[in-house]
Structure formats: structure tokens, C-alpha cells
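Worth saying up front: this structure is predicted, and the values here are computed from it rather than measured.
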Amino acid sequence: MLKLLLGAALFVCCGYVGYGVSTHYRRRYNLLVGVIGYIDALINGISYLQSTLAELTSGYAGEKKDDFGKMLAKYILLLKNGSYRKEDCAAILRSRLLTGYEQNALAEMLYSLGKSDIDTQLSELNKYRALISPIAAEAGNNYKKYGSLAFKLGILAGLAALLITA
């Protein structure tokens, strides 16, 4: 009986680890898609609405509760405070979901927003969108491939542990 309980506990733990790995891939993909959506919203807002950066960001962040929504909420606070540095933007973007290169590129993007004329800013946003799009596509491929595989392998490893202990 004790072996069966141990096997069941191992099954649940392995399944949970597989689910956690799958969730990591999903959250990374959703974060990068959110970044692209934010860049698109800024391009449209700057081109047509000509609102302030804080208004555009607040409008996009709105009711978002995901990882990028939380980052944007912190960025809105920086915008409302007025003066901020690139290091402040980098601190907002610290996450295990982004690589160091991606964090630096996004911090540079957030820091440069609102500091140049409209045409320069639109070209910079298009540059950052072109930079992030392939990364997001790769993250989507990884989520489809490894995310579902991790969950299934976690379940299989749990079954194997259950069979070995029983």
C-alpha cells in the first residue's frame, strides 16, 4: 500500500513538472506576442491618434493580467513619475521568460519611446517589431513542439514511476 501511495505521489509530481515546463513555453510565447501587439498599438496610435505615450500604453495595457501587462503597468508608473533611466526600464523587464538580449532590446525600446520626432519613432518601432517577430515565431514553434511534449512526457514519466514502485 505504501508503494502505491509513493508511486501515485511520483506520478503527480512528474505530471506537475511536465505541466510547469509547458506553462513556461506558453507564457514566453504570450509575452512576446504581447510585445508585438504593443508595438503595433503604438505604431497605430502614434500615426493616427497622436495621443501621449502614457495614454497609449494605458489603453493597450487596460485589463491585461498577463506577464507583459504587469510589465506595462510598471512602465506606466515610470512614465507618470517623469524622469527615468534605461536601467529602470531594464529592471521592469527582468523575467526568466526573456533572454538577456531580449531584455536589453526591449529596455532600449521602452527607454527611447517619446524621445524623438514621429517619423524617427515610427521607424524605430518598425525596427523593433522586425527584431521581435522572428523571436516570437520561434517561441511559438517551441511552444507547439516542446510545450505539449513536456506535458506528455511528464505524464509518461509519472506512469513509469508508478509502475516501477508498484
request  = Determine whether Tyr146 and Tyr143 fall in the same hydrophobic cluster, where Ile, Leu, Val, Met, Phe, Trp and Tyr are linked whenever their side-chain heavy atoms lie under 4.5 Å apart.
outcome  = yes
Expected output: side-chain Gln103 to main-chain Arg94 donor-acceptor under 3.5 Å = no
inquiry  = If you apply the rule side chain to side chain contact (heavy atoms under 4.5 Å, CB included), what do you find for Leu6 with Lys3, and how did you get there?
reply    = CA-CA 5 Å; Leu6 177 66; Lys3 287 183 176 182; 5.6 Å; no
ask   = Is it true that the NZ or CZ of Lys115 lies under 6.0 Å from the centre of Tyr111's six-membered ring and within 45 degrees of the ring axis?
value = yes
task = Can you see which heavy atom on Ala105 is nearest to which on Leu131, and at what distance?
result = CB-CD2, 3.7 Å
message = Return the CG to CZ distance between Leu32 and Arg27, rounded to the nearest 0.5 Å.
response = 12.5 Å
key: Modelled atom types, side-chain donor and acceptor of Arg129 and Ser133, under 3.5 Å   = yes
task = Taking all heavy atoms of Leu53 and all of Gly114, pick out the closest pair and write down the distance.
result = CD2-N, 4.4 Å
query = Going through the distances and angles, do Glu138 and Ile135 end up as a side chain to side chain contact (heavy atoms under 4.5 Å, CB included)?
reply = CA-CA 5 Å; Glu138 182 68 26; Ile135 297 171; 5.8 Å; no
ask   = Given side chains that start at C-beta, do those of Phe68 and Leu97 come closer than 4.5 Å, heavy atoms only?
value = no
ask   = Transitively linked via ILVMFWY side-chain contacts under 4.5 Å: Ile92 with Tyr101?
value = yes
query = Just wondering, do Ile46 and Leu125 contact through their side chains at under 4.5 Å, heavy atoms?
reply = yes
task = Can you measure from CG (Leu72) to CG (Asp66) and round to the nearest 0.5 angstrom?
result = 8.5 Å
message = Could you check whether atom NZ of Lys127 has more than 12 heavy atoms from other residues, nucleotides or ligands sitting under 6.0 Å from it?
response = yes
ask   = Honestly curious: do Leu10 and Leu4 fall in one hydrophobic cluster under the side-chain, below-4.5 Å linking rule?
value = no
key: Distance-minimising heavy-atom pair for Phe11 and Leu159   = CD1-N, 3.5 Å
query = Just checking, any donor-acceptor pair under 3.5 angstrom between side chains of Asp117 and Thr120?
reply = yes
ask   = Can you tell if the side chain of Tyr84 reaches within under 4.5 Å of the side chain of Leu79, non-hydrogen atoms only?
value = yes
Exam field: side chain Ser112 to backbone Met109, donor-acceptor pair closer than 3.5 Å = yes
ask   = Do NZ/NE/NH1/NH2 and the carboxylate oxygens of Arg28 and Glu102 come within less than 4.0 Å?
value = yes
ask   = Ser22 side chain to Gly18 main-chain N or O, any donor-acceptor pair under 3.5 Å?
value = no
ask   = Ile39 and Leu122: same hydrophobic cluster, using ILVMFWY side-chain contacts below 4.5 Å?
value = yes
Test side chain to side chain contact (heavy atoms under 4.5 Å, CB included) applied to Lys64 and Lys70, step by step = CA-CA 8 Å; Lys64 294 190 185 296; Lys70 293 174 186 174; over 6 Å; no
inquiry  = Nearest 0.5 angstrom please: Leu110 CG to Leu78 CG, how far?
reply    = 9.0 Å
query = Say you draw a straight line from OH of Tyr128 to CG of Leu42; how long is it, rounded to the nearest 0.5 Å?
reply = 12.5 Å
remark   = Taking every heavy atom of Ser47 against every heavy atom of Ile43, the minimum-distance pair comes out as OG-O, 2.8 Å
request  = Compare all side-chain heavy atoms of Ile132 with those of Leu106 and state whether any distance is below 4.5 angstrom.
outcome  = yes
Min side-chain heavy-atom separation Asn30-Asp67 under 4.5 Å = no
key: Euclidean distance, Asp88 CG relative to Leu93 CG, rounded to 0.5 Å   = 11.0 Å
query = Do Leu113 and Tyr75 come within less than 4.5 Å of each other through their side chains, counting heavy atoms only?
reply = yes
query = Quick one: CD1 on Ile155 to CG on Leu162, what's the gap to the nearest 0.5 Å?
reply = 11.5 Å
inquiry  = Students often mix this up, so state it plainly: with edges at 30° and 60°, are the rings of Tyr38 and Tyr60 parallel, tilted or perpendicular?
reply    = tilted
